[in-house]
Amino acid sequence: MKAATFNANSIRSRAGIVLDWLEANQPDVLCIQETKVQDDHFPVKAFEDCGYNFVYKGQKAYNGVATFARGQIEDVKIGLDGDESEQARFLKVNLGGVSIVNTYVPQGRAPDSEQFLYKLEWFGQLREWFDKNFSPGEDVLWMGDLNVAMDARDVHDPEKLWGSVCYCQEVQDALKDVMGWGFTDVFRQFNEEDGLYTFWDYRVPNGFKRNIGWRLDYIMASKSMAGRCTGCWVDKEPRALKKPSDHTFLVAEFDI
DNA sequence: ATGGTGGCACCGCCA
């Protein structure tokens with residue numbers, strides 16, 4: 001099984017990039033975040049002949065998640081239990097016995113904001129949901145834009161950035177708490193060096209070229225899945241295209 | 001460099 005995640009920053013603007021990437025890489029599942037489109041405007045036509053089934057949950061202008069799969073999509077669950085916000089950030093499916101949880105974790109805006117509290121709460125509700133619905137022996141992948149840099153290797157300037165909403169003690173603790181359910185960050189099973197990122201801020205001049213980025217996207221695997229992971233890598237090619245997203249594709253392969 | 005880019009909905013907000 002090949003699994004991938006991509007923050008598209010508008011599925012309508014990036015439909016071509018997604019179609020080309022699916023065609024070239026043939027993943028079994030692709031989780032997309034920040035589709036930025038309400039459901040009745042989702043570009044269904046663009047994807048109808050691409051050989052993938054897909055489900056989505058969006059809202060106007062912000063957030064939104066979509067999951068593409070080559071095989072049958074079953075047991076779709078939209079929205080995280082306990083999150084009353086109506087923000088489209090959570091989409092779980094089952095693919096041939098593997099549960100795929102696609103999340104766009106709240107960014108958090110500023111450390112002293114309500115949005116930051118919402119981010120921490122959201123992680124808490126997610127941990128509760130995993131506790132209630134799965135046992136760590138099951139085949140589960142949790143992937144998406146988690147809006148957390150786990151350690152100093154995951155940001156370009158750890159000293160300067162420490163304390164920001166995606167790189168501070170509170171969010172690292174919150175993410176580790178969810179991982180405590182039984183998740184492994186499979187990217188770090190294969191890549192130990194620093195400077196390997198999935199996101200480069202548009203506002204940083206030539207940020208991609210200068211590799212001024214962050215690792216904010218993850219593929220988290222339950223024990224049984226992590227043990228069968230044979231590789232995990234960042235595909236930076238889409239970032240070199242015209243009109244790229246600010247994120248790129250993260251990919252993992254599993255012996256299943 | 002106290003700005004800069006990008007998407008969406010609307011003339012600001014969010015990342």
Side-chain angles (χ1 to χ4, degrees), chain A residues 5-21 31-47 56-66 83 85-91 102-123 143-150 154-157 159-168 170-172 174-175 197-218 234 236-250:
Chain A
T5 181
F6 176 53
N7 179 319
N9 186 22
S10 166
I11 189 65
R12 286 178 291 184
S13 292
R14 242 59 80 184
I17 287 177
V18 170
L19 278 168
D20 290 349
W21 197 87
C31 293
I32 295 179
Q33 304 83 39
E34 284 206 89
T35 54
K36 291 191 171 180
V37 64
Q38 58 205 55
D39 291 344
D40 54 349
H41 293 159
F42 194 91
V44 172
K45 270 232 156 69
F47 295 105
Y56 46 87
K57 178 59 188 172
Q59 64 184 84
K60 196 186 274 191
Y62 304 117
N63 310 318
V65 280
D83 177 16
S85 72
E86 311 253 328
Q87 296 182 28
R89 299 182 174 280
F90 177 103
L91 179 56
N102 176 3
T103 69
Y104 176 50
V105 172
Q107 188 261 5
R109 191 166 179 85
D112 58 351
S113 67
E114 261 179 52
Q115 289 93 326
F116 186 71
L117 293 178
Y118 173 59
K119 179 179 194 173
L120 298 179
E121 265 171 40
W122 205 92
F123 273 123
M143 50 208 285
D145 180 352
L146 306 191
N147 267 318
V148 177
M150 286 250 281
D154 300 325
V155 292
H156 62 273
D157 189 342
E159 283 183 22
K160 191 183 90 183
L161 295 171
W162 182 248
S164 58
V165 291
C166 295
Y167 183 58
C168 64
E170 293 99 314
V171 293
Q172 289 179 345
L175 175 53
Y197 306 132
T198 63
F199 164 80
W200 300 263
D201 196 324
Y202 286 131
R203 293 167 293 185
V204 175
N206 297 308
F208 178 65
K209 223 180 264 176
R210 295 155 62 205
N211 199 31
I212 297 182
W214 301 60
R215 190 171 76 99
L216 301 178
D217 302 273
Y218 294 82
V234 174
K236 287 167 77 169
E237 274 184 50
R239 257 316 301 247
L241 301 172
K242 270 189 196 142
K243 298 259 282 173
S245 171
D246 44 1
H247 293 250
T248 195
F249 291 70
L250 174 69

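Order of the sequence lines sets the chain letters (A, B, ...), proteins ahead of strands, with each chain counted from 1.
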Just say parallel, tilted or perpendicular for the rings of A:Phe42 and A:Phe47, cut-offs at 30° and 60°.
tilted

Backbone N/O of A:Glu34 and side chain of A:Asn7: donor-acceptor pair under 3.5 Å
no

Between A:Arg109 and A:Ala61, whichever has its closest DNA chain B nucleotide further toward 5' is A:Ala61

Between P of B:dC14 and CD of A:Gln115, the distance in whole Å
6 Å

Side chains of A:Cys166 and A:Leu216 in contact at under 4.5 Å (non-hydrogen atoms):
yes

Could you tell me the separation between the OH atom of A:Tyr104 and the P atom of B:dG7, rounded to a whole number of Å?
15 Å

Could you give the distance separating B:dA1 and B:dG12 at their C1' atoms, to the nearest angstrom?
25 Å

Distance between P atoms of B:dT2 and B:dC13 (Å, rounded):
24 Å

Between B:dA9, B:dC14, B:dA15, spot the one nearest the side chain of A:Arg89, thanks.
B:dA15

Counting only Watson-Crick or G-U wobble pairs whose two distances fall under 3.5 Å, which nucleotide matches B:dG12?
B:dC8

Heavy atoms, side chains only, cut-off 4.5 Å: are A:Arg14 and A:Ile32 in contact?
no

B:dA15 phosphate, OP1 or OP2: any side-chain N/O from A:Ser10 under 4.0 angstrom?
no

Protein-nucleic acid N or O pairs under 3.5 Å, nucleotides 2-6 of chain B:
| residue | atom | partner | partner atom | Å |
| --- | --- | --- | --- | --- |
| B:dT5 | O4' | A:Tyr202 | O | 3.0 |

Does A:Pro106 or A:Gln38 map to a spot on DNA chain B nearer the 5' end, using the closest nucleotide for each?
A:Gln38

Please state how far atom CG in A:Asn63 lies from atom P in B:dA9, giving the value in whole angstrom units.
13 Å

Can you label the angle between the A:Phe208 ring and the A:Trp200 ring as parallel, tilted or perpendicular, going by 30° and 60°?
perpendicular

Report, as yes or no, whether the 6.0 Å neighbourhood of atom CD on A:Gln115 holds more than 12 heavy atoms from other residues, nucleotides or ligands.
yes

Quantified in whole Å, what is the P atom distance between nucleotide B:dG6 and nucleotide B:dC10?
22 Å

How far does the C1' atom of B:dC11 sit from the matching atom of B:dG7, given to the nearest Å?
15 Å

For B:dA9 and B:dG3, measure between their C1' atoms and round to the nearest Å.
24 Å

Could you check how far CD of A:Gln107 sits from P of B:dC14, rounded to whole Å?
10 Å

Would you call the rings of A:His156 and A:Trp214 parallel, tilted or perpendicular, taking 30° and 60° as the class edges?
perpendicular

Could you give the CD-to-C1' distance, from A:Glu34 to B:dG7, as a whole number of Å?
9 Å

Provide, to the nearest angstrom, the distance between the CG atom belonging to A:Asn7 and the C1' atom belonging to B:dA15.
9 Å

side-chain hydrogen bond (donor to acceptor under 3.5 Å, both in side chains) between A:Tyr56 and A:Thr35, intermediate numbers included:
CA-CA 9 Å; A:Tyr56 46 87; A:Thr35 54; over 6 Å; no

In whole Å, what is the span from the CD atom of A:Gln87 to the P atom of B:dC8?
18 Å

Rounded to whole Å, the CZ-C1' distance (A:Phe116 to B:dC14) equals 17 Å

How would you label the contact of A:Phe208 with the nucleic acid (heavy atoms, under 4.0 Å): base, sugar-phosphate, or nothing?
nothing

